Amino acid sequence: MDRGSAAQNSRVAEVFRDIKGRRAGILKALTTDFEEFYQQCDPAKENLCLYGFPTEQWEVDLPSDEVPPEIPEPVLGINFARDGMEKKSWLSLVALHSDAWLLALASYFGGRFQFDKKQRKSLLDMITDLPTLCEIVSGKNQEKSSGSKNISNKSKSNTKLKASEYQAKNTKAKHAKEEDEGLNEEEDDEDNYLCAACGESSVPDNFWIFCDTCEKWFHGKCVKVTPAKAEHIKNYKCPWCSNKRMRTS
C-alpha cells in the first residue's frame, strides 16, 4: 500500500469517528436527555435543527447563517411537529431524519476528501454496522437482538417534516402505524382523513396538507403543492379559501 492510500484510509477512519461522535450526541438527546431536548423544541420558535457534534454533544439551534454552510444542515422545523404528534412517534421521526443527516455527512466528507469507491464503501460499511437511531428509539434494535422476525420490504411513507404542526398529524397517521406495528399491519388510520378536494382517503405518494383557514385536509396533488414547496409554507390556505378572500375584497 502506498503512502497516499494509507493516508486516505486513515482519513476514512477519522471521518467515521467524527460521524460516530455526532451520532452519540444525537442519541443522547433522543434518550437520556430526551425531556430537555423535548422542551427546547418549542413550536413557538422558528425553524430549529438538532445538531450532533464529534464531541458526542448535541444542540438544538437555528440553521447556520453561512451560505453555503460548512456541512449539510440537519432537517429543519423539528419543533413544529412536536405538539402535533405523540411523543413516541415524534421521537422516531426525528431519529429517522437524523439517520439521513448522518448519511448525508458521510457522502459530503467522501466527496470533500476525494474517497475512491473502495473507501466510500468502507465508510458506509462501518456506519451500517451500527444500529440506526430510528431502530434504537423505536425498540426495533432490541427486537433484532432477541431474534424477533420482523422483516418487511414495504417502503416507508414520505414523512418529511413540514413547517406546520398540523401537517405532522397526517404524518402520525401513517408513520406511527409503520413504526409501532411492525411495518406490516393495515394502515386503518388513513381512512380517518378524506381529501376535501376529491373525497378520497389516499393517493400513491400519500402527501397531505392542512388548510389553516377552513381546517380541512387536502392531497398535495389535488391542490398542486409538493412536499418541497410545503417546507416553506408556514400557514397554508387552500385554493377555495384564497378565492373566497379575493371575491370579498
Side-chain angles (χ1 to χ4, degrees), residues 13-66 69-109 123 126-146 156-157 159-169 171-172 175-181 231:
E14 181 182 336
V15 169
F16 176 65
R17 285 193 297 271
D18 179 287
I19 292 175
K20 190 176 179 181
R22 294 177 190 274
R23 174 184 175 278
I26 295 173
L27 183 58
K28 188 183 297 183
L30 302 182
T31 53
T32 57
D33 296 347
F34 176 69
E35 288 304 323
E36 179 185 353
F37 165 63
Y38 187 82
Q39 293 302 320
Q40 289 190 29
C41 293
D42 185 352
K45 297 181 180 179
E46 296 181 21
N47 280 316
L48 294 176
C49 301
L50 172 59
Y51 292 87
F53 299 105
T55 56
E56 301 187 4
Q57 301 301 312
W58 61 273
E59 180 182 51
V60 171
D61 201 358
L62 294 170
S64 174
D65 290 333
E66 297 180 33
E70 182 182 355
I71 59 175
E73 292 286 357
V75 66
L76 298 175
I78 58 173
N79 52 318
F80 294 136
R82 193 195 72 175
D83 291 348
M85 305 178 70
E86 293 178 356
K87 275 189 177 182
K88 185 176 180 181
S89 298
W90 179 75
L91 177 64
S92 295
L93 191 56
V94 174
L96 179 65
H97 284 290
S98 296
D99 283 324
W101 180 59
L102 293 174
L103 290 176
L105 286 176
S107 178
Y108 169 79
F109 286 129
L123 176 60
M126 288 189 286
I127 294 173
T128 52
D129 279 343
L130 301 171
T132 66
L133 296 168
C134 194
E135 287 175 335
I136 294 173
V137 301
S138 65
K140 300 213 178 293
N141 183 54
Q142 295 179 357
E143 292 176 11
K144 289 182 178 180
S145 300
S146 61
K156 295 183 179 179
S157 65
T159 54
K160 201 174 188 69
L161 284 170
K162 306 294 180 269
S164 168
E165 62 202 86
Y166 300 110
Q167 178 62 32
K169 291 181 180 180
T171 302
K172 171 191 169 184
H175 189 78
K177 278 287 182 181
E178 293 176 338
E179 291 297 330
D180 300 336
E181 298 184 16
E231 290 282 358

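Just so you know, these numbers come straight off a predicted model, no measurement behind them.
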Salt bridge (Lys or Arg N to Asp or Glu O under 4.0 Å) involving E36 - partner list, sequence neighbours excluded: none

Enumerate the salt bridge (Lys or Arg N to Asp or Glu O under 4.0 Å) contacts for residues 39-49, please, sequence neighbours excluded, ordered by first and then second residue. none

Counting only pairs under 3.5 Å, give me each side-chain donor-acceptor contact of residues 53-63, with atom names and distances, residues two or more places apart or in other chains.
residue : atom : partner : partner atom : Å
W58     : NE1  : D33     : OD2          : 2.9

Give the C-alpha distance, both sets of side-chain angles, the deciding distance and a yes or no for side-chain contact (heavy atoms from CB on, under 4.5 Å) between T31 and F37. CA-CA 9 Å; T31 53; F37 165 63; over 6 Å; no

Do the side chain of N79 and the main chain of L48 share a donor and acceptor less than 3.5 angstrom apart? yes

Just jot down the ring pair (Phe, Tyr, Trp, His ring centres under 6.0 Å) partners of Y108, sequence neighbours excluded, or say none. none

d(F80 CZ, M85 CE) to nearest 0.5 Å is 15.5 Å

Under the side-chain contact (heavy atoms from CB on, under 4.5 Å) rule, what do L76 and C49 come out as? Steps first, then yes or no, please. CA-CA 5 Å; L76 298 175; C49 301; 3.3 Å; yes

Non-neighbouring partners of S107 that pass side-chain contact (heavy atoms from CB on, under 4.5 Å), sequence neighbours left out: none

What pairs with L133 under side-chain contact (heavy atoms from CB on, under 4.5 Å), at least two apart in sequence or on another chain? R23, I26, L27, A95, S98, D99, L102

K28 atom NZ: more than 12 heavy-atom contacts under 6.0 Å: yes

Output all residues satisfying side chain to side chain donor-acceptor pair (under 3.5 Å) with Y51, sequence neighbours left out; order by chain, then residue number. E73

Can you tell me how far CG of L50 sits from SG of C41, rounded to the nearest 0.5 angstrom? 7.0 Å

Inter-residue atom distance L93.CG - S138.OG, 0.5 Å rounding: 12.0 Å

With K87 via salt bridge (Lys or Arg N to Asp or Glu O under 4.0 Å) - residues at least two apart: E35

Using the test salt bridge (Lys or Arg N to Asp or Glu O under 4.0 Å), find all partners of D18 that sit at least two apart in sequence or belong to another chain. R22

Any residue meeting side-chain contact (heavy atoms from CB on, under 4.5 Å) with I127, in chain and number order, not counting sequence neighbours: F16, I19, L103, A106, L123

For I78, does its backbone N or O pair with a side-chain atom of W90 as donor and acceptor, under 3.5 Å? yes

